[in-house]
Amino acid sequence: MKKVLITGWRWMLAYDFTKLFSDRYELVSLSSSDLDIKNFQEVERKVSEIQPDVIINCAAYTKVDDAEDIGMKDNYDVNSLWVYNLAKVSSTMDIDFITISTDYVFFGDTEKWYVETQNEHPINQYGMAKYLWEKLALWENKNSIIVRTSWLYWWGMSYKNFVNTMIQLGSKLDSLKIINDQYWNPTNCKDLSIAIWELLENIEKYRWQKLHFSNTTENHGITWYDFAQEIFSQNAISVEAIPCTSSEFPTKASRPSYSKLINNSDIQLRNWKEGLKDYLDNL
Ligand SMILES: NC(=O)c1ccc[n+]([C@@H]2O[C@H](COP(=O)([O-])OP(=O)(O)OC[C@H]3O[C@@H](n4cnc5c(N)ncnc54)[C@H](OP(=O)(O)O)[C@@H]3O)[C@@H](O)[C@H]2O)c1
């Protein structure tokens, strides 16, 4: 049985992956209090003690707006330097290293989607740190695999995510404005977990590659507005959804207007509407 070390234990992917696959792998999941990945010696000591076959890194600094100013140092420390620590230790010990990245490594200003080999050009500091993260991981460890995903949502009404927020707001308001000028693929975290399981089962095929794992959409992807409309429709919520532009909800960090990820690998995730239905059926 493969031994898999997961960092960022409290994160949704770690949680879902463990729930689905704890009988198939020997899983060791660590939170930030179990392992300080800033500390190279500690990472080295912990990894050599655990001796995993694979590390899945779910730890990240994720405050996209704060990364522009007050969180800039943490953003680069966590999202670039610490990942380098993990990649370096796994390279020395010949361990496979899977790390989660984002569609925000792309600029996304034109009406197009992004394939795995396309040139990156981050639009904000968070995306820049993740871009460096990818480069460092691939440079340091030939067994690194970059899994880019986008707009994740997860089980449970207690967790703050877009789907849960729309259900709550849509049930109590008569109308609400929703951004309709950013296009992407949403991703049910369960589907991402299953894709990572498929990846682990044939890991030698995917080493030193970038993979795009998100639920599939048609055309250029969908917007928050499209996603909300589908959430309302699948929940029979009647609320007036009013499309608006992102300029009506300004944020410190710019977001790509078009960041749909195209997946050319043989591991495919299902359509976004099916992923959403499964999520809602299990709430
Ligand atoms: N959410 C999305 O829609 C989305 C989209 C695309 C890509 N991603 C990628 O998915 C990953 C997670 O994103 P998220 O926004 O969903 O994450 P999140 O909920 O903010 O979770 C981040 C995880 O990182 C861990 N972490 C933070 N600082 C740490 C530290 N100093 N040492 C060890 N662990 C630390 C946290 O662990 P503790 O709880 O123990 O502190 C937490 O489990 C990122 O790589 C992100 O780029 C997310």
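Whatever order the structure lists them in is the order used to number ligands and atoms, beginning at 1.
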Proximal ligand 1 atoms for [X], defined as those under 4.0 Å from one of its heavy atoms:
{"X": "S31", "value": "40 (O)"}
{"X": "S32", "value": "29 (C), 30 (C), 32 (N), 33 (C), 34 (N), 35 (C), 38 (P), 40 (O), 41 (O)"}
{"X": "Y126", "value": "46 (C), 47 (O)"}
{"X": "W82", "value": "30 (C), 31 (N), 32 (N)"}
{"X": "C58", "value": "23 (C), 24 (O)"}
{"X": "W151", "value": "3 (O), 5 (C)"}
{"X": "M12", "value": "1 (N), 16 (O)"}

How close does the nearest protein non-hydrogen atom get to [atom], and which residue and atom is it?
{"atom": "atom 45 (O) of ligand 1", "value": "K130 NZ, 2.5 Å"}
{"atom": "atom 21 (O) of ligand 1", "value": "W11 CD1, 3.4 Å"}
{"atom": "atom 39 (O) of ligand 1", "value": "R10 NE, 3.2 Å"}
{"atom": "atom 13 (O) of ligand 1", "value": "T62 CG2, 3.3 Å"}
{"atom": "atom 6 (C) of ligand 1", "value": "T149 O, 3.1 Å"}

Task: Proximity flag I100 to ligand 1, non-hydrogen atoms under 4.0 Å - done: yes
Open item on the list: So, 4.0 Å and heavy atoms of V78: is ligand 1 close enough to count as a contact?
Closed with: no
TODO: Ignoring hydrogens and angles, state whether a donor on the side chain of Y126 or E68 is under 3.5 Å from an acceptor on the partner side chain.
DONE: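 Side-chain D/A pair, Y126 to E68: absent.
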Open item on the list: Assess, by modelled atom type and distance only, whether the side chains of Y279 and N161 contain a donor and an acceptor separated by less than 3.5 Å.
Closed with: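 Y279 vs N161: donor-acceptor pair found between side chains.
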Open item on the list: Tell me whether H212 contacts the main-chain N or O of L261 through its side chain, where contact means a donor paired with an acceptor under 3.5 Å.
Closed with: no
TODO: Ignoring hydrogens and angles, tell me if any N or O in the side chain of W113 forms a donor-acceptor pair with the backbone of H220 under 3.5 Å.
DONE: no
- [ ] Examine the proximity of ligand 1 to S101 and report which part, side chain or backbone, both or neither, has a heavy atom under 4.0 Å away.
- [x]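 It is the backbone that gets close, since no side chain atom is under 4.0 Å.
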Open item on the list: Can you confirm whether more than 12 heavy atoms, excluding those of K19, are under 6.0 Å from its NZ atom?
Closed with: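 Buried by this count: over 12 neighbours within 6.0 Å.
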Open item on the list: Please determine whether the number of non-hydrogen atoms from other residues, nucleotides or ligands lying under 6.0 Å from atom CG of D281 exceeds 12.
Closed with: yes
Lys/Arg-Asp/Glu bridge criterion (N-O < 4.0 Å) met for [X], [Y]:
{"X": "K273", "Y": "D226", "value": "no"}
{"X": "E240", "Y": "K177", "value": "no"}
{"X": "K210", "Y": "E120", "value": "yes"}

Open item on the list: So if I apply the side-chain hydrogen bond (donor to acceptor under 3.5 Å, both in side chains) rule between Y206 and each of D266, D96, N143, which one comes out positive?
Closed with: D266
Task: Option whose closest heavy atom lies nearest to atom 27 (C) of ligand 1, chosen from A60, S33, A59 - done: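 It is A60 that holds the nearest heavy atom.
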Task: From the candidates L152, T99, L261, the one that places a heavy atom nearest atom 4 (C) of ligand 1 - done: L152
Task: Over-ring placement of K135 relative to W139, 6.0 Å and 45° cut-offs - done: no
- [ ] Mark whether atom 35 (C) of ligand 1 lies under 4.0 angstrom from at least one protein heavy atom.
- [x] yes
